[in-house]
Amino acid sequence: MVSIFNPFQKIAGTRALNMGIVITFLTLLISFYSHSVFNGVIDFHVFPFSTIWPYAFYYVIAWLCLVIYFGLAGLIFTKTRFRWIDIAGTTLLSRFPLLLIAIAAFAIPYIDTAALSNLSKIHFTAGFYIASTFSLLCIIWTIALYYNSYRICLNIKGQKAIWSFIAVMIMAEATSLFIIHCIHLK
């Protein structure tokens, strides 16, 4: 059970980065067909783009924001040395549950803004509710993986780890959403 929430005791650096790259390619390929967009550090939406590039762009921007803020936190909150390759690898590997969300997204229909004005005409299926609940659990799992990546890569413990992680997540999410909003792809 520990390894599904904290594989970073055994996997880090280049190995984690290589595994994360493979998982990212699989996630993006499935995302294109299931229309699952990961447009933020912890965001997920269903939206049909005509090419794979917006899916990839949003995914990479969110990941890079996470890497940069983890690194900055390491410079501010820890006196020990850390390796950027560990941060890059473990944060990318932490996004593994997003692959499962991309698969589950086949059961979640795209609902355009016009349809949102009259929710009574939208028919939600049992598959929609199951996939949505599963996706929420996968996002929680992703956050747990992020936290363990943060804690281990930067060697931060206790209250300092918890509060600085929360601040880092808020800043990384806000920054990724800001960048994605400024460079909105269609």
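The residues of the chain are indexed from 1 along the displayed sequence.
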Exercise. Would a 4.5 Å heavy-atom cut-off, applied to side chains only, mark F134 and L100 as touching?
Worked result: yes
Exercise. Where is the tightest heavy-atom contact between S34 and A105, given as atom of each residue plus distance?
Worked result: OG-CB, 3.8 Å
Problem set entry | Side chain to side chain, S149 and F70, heavy atoms closer than 4.5 Å | yes
Exercise. Is there a path from I143 to L177 through hydrophobic residues (I, L, V, M, F, W, Y) whose side chains come within less than 4.5 Å of each other?
Worked result: no
Seminar exercise, completed: Of all heavy-atom pairs linking I11 and T90, the shortest is O-CG2, 4.0 Å
For this session: Report yes if some heavy atom in the side chain of L145 is under 4.5 Å from a heavy atom in the side chain of P7; otherwise report no.
Result: yes
Exercise. With hydrophobic residues grouped by side-chain heavy-atom distances under 4.5 Å, do L136 and F106 end up in a single group?
Worked result: no
Problem set entry | CD1 on I87 to CG on L17, rounded to 0.5 Å | 12.5 Å
For this session: Could you grab the distance from atom CD1 of I30 to atom CD1 of I101, nearest 0.5 Å is fine?
Result: 12.5 Å
Exercise. Once you round to the nearest 0.5 Å, how far does CG of N148 lie from CD of Q9?
Worked result: 8.0 Å
Exercise. Going from CZ on F96 to CG on L26, what distance comes out if it is rounded to the nearest 0.5 angstrom?
Worked result: 9.5 Å
Exercise. W84 and F82: aromatic ring centres closer than 6.0 Å?
Worked result: yes
Exercise. Do L92 and T24 have side-chain heavy atoms sitting under 4.5 Å apart?
Worked result: yes
Exercise. Roughly how far, to the nearest 0.5 Å, is the CZ atom of F25 from the OG atom of S31?
Worked result: 13.0 Å
For this session: Could you give me the CA-CA distance, side-chain angles and deciding distance for I156 and F165, then say whether side-chain contact (heavy atoms from CB on, under 4.5 Å) is met?
Result: CA-CA 10 Å; I156 300 178; F165 174 75; over 6 Å; no
For this session: Return the minimal non-hydrogen interatomic distance between I179 and C65, and the atom names on each side.
Result: CD1-SG, 4.0 Å
Problem set entry | Beyond-backbone contact of L72 with M171, side-chain heavy atoms, under 4.5 angstrom | no
Problem set entry | Criterion side-chain contact (heavy atoms from CB on, under 4.5 Å) on I42 and M169, from CA distance to verdict | CA-CA 9 Å; I42 57 171; M169 288 298 290; 3.8 Å; yes
For this session: For residues W141 and I4, report the shortest heavy-atom separation together with the two atoms involved.
Result: NE1-O, 2.6 Å
Problem set entry | Partners passing side-chain hydrogen bond (donor to acceptor under 3.5 Å, both in side chains) against W63 (at least two apart in sequence or in another chain) | T91
Exercise. So how far is it from R151 CZ to T78 OG1, rounded to the nearest 0.5 Å?
Worked result: 13.0 Å
Exercise. Hey, mind stepping through T175 and V41 against side-chain contact (heavy atoms from CB on, under 4.5 Å) and telling me if it holds?
Worked result: CA-CA 9 Å; T175 303; V41 173; over 6 Å; no
Exercise. Do F77 and L154 have side chains that get closer than 4.5 Å, going by heavy atoms?
Worked result: no
Problem set entry | Backbone of F38 reached by a side-chain donor or acceptor of D43 within 3.5 Å | no
For this session: Using the rule that two of Ile, Leu, Val, Met, Phe, Trp, Tyr join whenever any of their side-chain heavy atoms come within less than 4.5 Å, decide whether I21 and V67 are in one cluster.
Result: yes
For this session: Over 60° means perpendicular and under 30° means parallel, so classify the ring planes of Y55 and H35, tilted if in between.
Result: tilted
Exercise. Should L137 and I23 be counted in the same cluster of Ile, Leu, Val, Met, Phe, Trp and Tyr side chains packed under 4.5 Å apart?
Worked result: no
Exercise. Should I140 and I166 be regarded as members of a common hydrophobic cluster, given that ILVMFWY residues are connected when their side-chain heavy atoms come within less than 4.5 Å of each other, either directly or indirectly?
Worked result: no
Exercise. If you look at every heavy atom in Y147 and G158, which pair is closest and at what distance?
Worked result: OH-O, 4.5 Å
For this session: Would you name the heavy atoms of Y58 and I180 that are closest together and state the gap between them?
Result: CE2-CG2, 3.4 Å
Problem set entry | Residue pair N18 / R15, side-chain donor-acceptor N/O under 3.5 Å | no
Exercise. Can you tell if the side chain of F8 reaches within under 4.5 Å of the side chain of L93, non-hydrogen atoms only?
Worked result: yes
For this session: Verify side-chain contact (heavy atoms from CB on, under 4.5 Å) between Y59 and L98, making sure each step is shown before the conclusion.
Result: CA-CA 10 Å; Y59 194 94; L98 303 184; 3.9 Å; yes
